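Below is one structure, written out as structure tokens; comments come after it.
Below, chains carry the letters A, B, ... as their sequence lines are ordered, and counting in each starts from 1. What you see is a predicted model, and the numbers here were worked out from it, not measured in a lab.
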Number of protein chains: 2
Amino acid sequence: MTLFKMGNAAYIKEKNKRHILQCIKEHGPIARSRISETLHLSKPTVSALVEELLHEGWVREEGNGDAGQLGGRKPIYLTFNSRAAYIFGVDIGGTKTLTAVSDLAGNILGTREFPTQDNLQYGLLKKVQKHVQELLLEQQISEDRVLGIGIGAPGTTDIVQGTVIDAPSLNWHDYPLQNEASALFPFPVFIDNDVNVAVLGEQWLGSAKNMSNVVLISIGTGIGCGIMINGQLYRGASFAAGEIGYLVTDKNEAKKHTKRAFEGYGFLDSFTGGPAIVAKMQEALGDKAIQELTAKDVFDLAKSGDQTALAVTEEVVDHIGFAIANVISIINPEAVILGGGISKSSPWYLPRIEQIVSEFAAVKTVIKTTTCGPNLGVIGAVSLVLREHESALKTF
Amino acid sequence: MTLFKMGNAAYIKEKNKRHILQCIKEHGPIARSRISETLHLSKPTVSALVEELLHEGWVREEGNGDAGQLGGRKPIYLTFNSRAAYIFGVDIGGTKTLTAVSDLAGNILGTREFPTQDNLQYGLLKKVQKHVQELLLEQQISEDRVLGIGIGAPGTTDIVQGTVIDAPSLNWHDYPLQNEASALFPFPVFIDNDVNVAVLGEQWLGSAKNMSNVVLISIGTGIGCGIMINGQLYRGASFAAGEIGYLVTDKNEAKKHTKRAFEGYGFLDSFTGGPAIVAKMQEALGDKAIQELTAKDVFDLAKSGDQTALAVTEEVVDHIGFAIANVISIINPEAVILGGGISKSSPWYLPRIEQIVSEFAAVKTVIKTTTCGPNLGVIGAVSLVLREHESALKTF
DNA sequence: AGGTAAGTTAGGTAACTTAACTAACTAACC
DNA sequence: GGTTAGTTAGTTAAGTTACCTAACTTACCT
């Protein structure tokens with residue numbers, strides 16, 4: 001990839017430049033003089049690098065501030081130009097695929113979506129490409145102003161090879177997503193697992209803002225978990241970190257099943273997965289089985305007071321609670337964020353999870369729900385681009 | 001701590017110097033010219049920095065190598081001088097406290113030990129200090145040649161405050177270990193949890209050599225787990241990462257107990273802890289209960305074929321197996337290393353654990369046992385000093 | 001001798017720093 | 001109300017440092 005260089009003067013200049021840009025981004029309107037103080041860089045250095053940043057469009061001079069009480073020249077405020085470049089985020093979900101453009105601050109400027117399943121055969125990426133072009137036109141953005149496109153895929157993803165190892169809902173196996181996408185877009189493509197992408201989003205603009213160690217647990221079609229450690233996404237030795245669908249929360253139950261029972265999915269999946277919930281419910285209903293039942297229906301029934309549904313969902317929530325407690329005992333995150341489909345009805349089951357966690361986890365840990373809403377996936381994908389993109393400073 | 005400086009020329013020089021030293025350390029006897037190639041630094045730069053390293057004693061010129069087939073000047077081989085400085089490692093265990101001196105390559109040059117419990121009241125650190133002085137004398141090492149002393153403590157450790165939050169076996173609660181020790185030694189003191197220290201050791205010189213993502217599970221008095229992620233120790237948001245004594249592997253069993261049952265220790269501890277094992281065995285024996293029974297006795301009995309002991313230990317091993325499977329599903333490490341007291345009898349129960357892991361964990365993962373032997377603790381403590389010590393280059 | 005490789009010397013460049021400057025403003029005094 | 005002193009923001013100029021390239025010496029092979 002990028003040439004291995006480490007010790008020359010250019011490296012230190014770029015590093016300082018990055019720091020200055022970061023400082024302006026974080027500390028809002030700020031004067032050169034203040035940057036010099038906080039970053040322990042000399043005033044001339046800051047001025048020179050800011051000059052370049054101004055030229056390159058990353059930064060704007062935004063009017064003069066007031067002078068201090070004791071007098072002195074007015075500071076010239078610098079602000080980060082979040083419109084210096086644009087980023088595309090794509091959230092490939094089991095049901096729909098969302099495409100969005102955002103500025104550098106994560107403001108979603110426009111979105112498009114289409115049903116995933118209908119377009120699987122014909123070329124899902126072709127459709128995304130169409131939406132990207134529509135959004136470019138709509139928002140009057142020129143291609144060379146786009147930093148890159150981030151894609152979150154619902155399955156294990158090898159970000160080194162750029163392939164989706166396994167995404168059952170899309171029937172993708174070792175699908176070279178990054179290569180396929182790179183052929184369609186004139187800017188860099190970054191891909192990752194949907195849960196990983198979700199933590200990135202939540203840690204950037206959601207309820208895990210600025211937390212260095214945080215875990216997002218997504219409960220939807222399956223159960224998954226994205227882990228951030230030391231402010232960085234942790235993917236594991238073989239991109240399988242956070243596969244909590246395999247957690248065993250009941251060893252006696254587990255021993256009853258043979259290996260076959262879990263082929264392709266884990267112990268916990270067989271209790272908390274959508275199909276499993278429906279099956280359990282049907283079994284409990286016996287001859288009163290309902291046609292076309294979904295997991296959401298079961299939860300809705302439970303909420304409305306149905307005793308059978310309540311028993312089934314309580315069991316599910318219990319399993320999830322213990323799984324979360326186990327994650328906490330191992331990872332000791334600052335907070336656990338709950339996301340995914342079921343997180344909407346969180347007020348109902350959150351107390352039970354909190355209770356289990358407070359009783360059984362090694363440390364008291366805050367449990368929150370996502371705050372990014374339905375755009376979490378695309379926001380995370382955008383964040384992925386910002387984090388992985390090496391040269392977020394190169395002139396263009 | 002160390003002054004915040006990042007952008008000046010001195011920084012890049014030190015960085016390059018470190019890289020060169022690292023390169024010599026790793027790639028054995030190596031010529032300046034080869035360093036220049038592998039590190040992409042110019043020959044004059046390498047020569048200048050090597051000159052300094054020679055002066056400071058970190059590096060030695062070790063005879064000339066042979067010239068190449070096509071002729072040319074013979075290379076001057078450089079080797080890392082592992083005797084440039086020395087490090088002390090202290091392993092405070094529940095039963096004994098080991099003190100060792102090592103060189104920079106991790107060679108243990110001498111050790112001393114004393115029973116921990118007998119010296120708790122009188123001043124454990126005073127005794128360590130005595131042993132350190134003895135070793136300095138014995139090995140003819142002058143104080144100012146010592147980089148630091150690393151101490152592994154059997155309990156949750158706050159490495160920022162430098163305190164041991166809780167170490168039941170020593171009756172330490174918020175004990176300011178680092179401060180207390182710093183008062184006794186004329187060189188820097190570094191402290192950490194015994195399990196954390198153990199992974200460091202195992203990753204430096206043991207069976208996890210050079211692995212970036214690895215987990216060490218220690219089964220002794222309690223069960224604990226040290227986690228390395230991206231080549232760095234991961235301690236968690238509140239130094240409680242890896243508290244697998246709290247993992248719940250049987251939610252129905254867990255729900256039977258009230259919170260009180262686990263006060264201070266976790267669900268798994270209540271099945272795999274020494275006292276728990278003994279209690280289970282006595283219960284199984286009924287009126288045939290044995291006086292003065294220890295957990296080790298139970299395992300020994302099981303190994304000799306005692307049916308009651310076999311049943312009890314099998315249950316314990318099962319719990320441990322599922323706990324390890326859960327750790328793997330969450331962390332996805334390159335390998336899991338088993339350590340601690342019981343790891344000696346590993347050939348006996350390892351197959352069962354491997355079976356559970358292969359059946360229930362999300363990914364196939366190698367399970368190994370420690371290879372550092374009884375010195376793992378002190379080697380880890382030495383490694384801690386090497387890793388935490390910022391200025392492993394400052395002249396002295 | 002001619003070729004090759006290791007390591008050194010000399011000169012140039014690029015980035016930082018400090019010190020001194022200009023610019024712009026407040027406060028206070030005559 | 002005008003002048004002067006003090007303060008802060010940002011620029012200019014000179015000096016430092018650590019890197020690089022290019023040309024060299026040393027030492028060895030055939």
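Rounded to whole angstrom, the span from the CD1 atom of B:Ile20 across to the P atom of D:dC19 amounts to 8 Å. In this entry the distance linking NE2 of A:His19 with C1' of C:dC16 reads 15 Å, nearest Å. As a whole-Å value, the separation of A:Glu61 CD from D:dA9 C1' is 12 Å. Between the NZ atom of B:Lys13 and the C1' atom of C:dA14 there is a distance of 17 Å, given to the nearest Å. One can place NZ of A:Lys17 at 13 Å from C1' of C:dA15, the figure rounded to the nearest angstrom. Distance, B:Leu39 CG to D:dC20 C1': 15 Å, rounded to whole Å. Put simply, CD on B:Glu14 is 15 Å from C1' on D:dT17, counting in whole angstrom units. A:Ile35 places its CD1 atom 9 Å from the P atom of D:dG10, with the value rounded to the nearest Å.
For the atom pair OG1 (A:Thr79) and CZ (A:Arg60), the distance works out to 7.5 Å, reported to the nearest 0.5 Å. The CD1 atom of A:Ile12 lies 9.0 Å from the OG1 atom of A:Thr45; values are rounded to the nearest 0.5 Å.
One finds no side-chain N or O of A:Asn16 lying less than 4.0 angstrom from the OP1 or OP2 phosphate oxygen of C:dA15. Look at A:Ser36 and you won't find any side-chain N or O under 4.0 angstrom from OP1 or OP2 of D:dG10.
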- Message: Please encode protein proximity along nucleotides 5-10 of chain C as a string of B, S and -, counting only heavy-atom distances under 4.0 Å.
- Response: BBBBB-

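By the 4.0 Å N-to-carboxylate-O rule, A:Lys17 lies too far from A:Glu14 to be salt-bridged with it. Remark: A:Arg32 engages A:Glu61 in a salt bridge, criterion side-chain N to carboxylate O under 4.0 Å.
For B:Leu147 against B:Ala85, the heavy-atom pair with the smallest separation is CG-CB, 3.9 Å.
Legend: residues meeting salt bridge (charged side-chain N to carboxylate O under 4.0 Å, His left out) with A:Glu143, ordered by chain and number and at least two apart, are absent. In terms of the side-chain hydrogen bond (donor to acceptor under 3.5 Å, both in side chains) criterion, B:Ser82 has no residue partners (sequence neighbours excluded).
Helical stems of DNA chain D (runs of at least 3 Watson-Crick or G-U pairs, donor-acceptor distances under 3.5 Å) are listed by first residue: C:1-30 with D:1-30.
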Show me the donor-acceptor pairs, under 3.5 Å and distance only, between side chains in residues 227-237 of chain A and residues at least two apart or in other chains.
residue: A:Tyr234; atom: OH; partner: B:Ile331; partner atom: O; Å: 2.8
residue: A:Arg235; atom: NE; partner: A:Asp192; partner atom: OD2; Å: 2.7
residue: A:Arg235; atom: NH2; partner: A:Asp192; partner atom: OD2; Å: 2.6

Hey, can you pull the donor-acceptor pairs under 3.5 Å for the side chains in residues 100-108 of chain A, sequence neighbours left out?
residue: A:Asp103; atom: OD1; partner: A:Ala105; partner atom: N; Å: 2.9
residue: A:Asp103; atom: OD1; partner: A:Gly106; partner atom: N; Å: 3.1
residue: A:Asp103; atom: OD1; partner: A:Asn107; partner atom: N; Å: 2.9
residue: A:Asp103; atom: OD1; partner: A:Asn107; partner atom: ND2; Å: 3.4
residue: A:Asp103; atom: OD2; partner: A:Asn107; partner atom: ND2; Å: 2.8

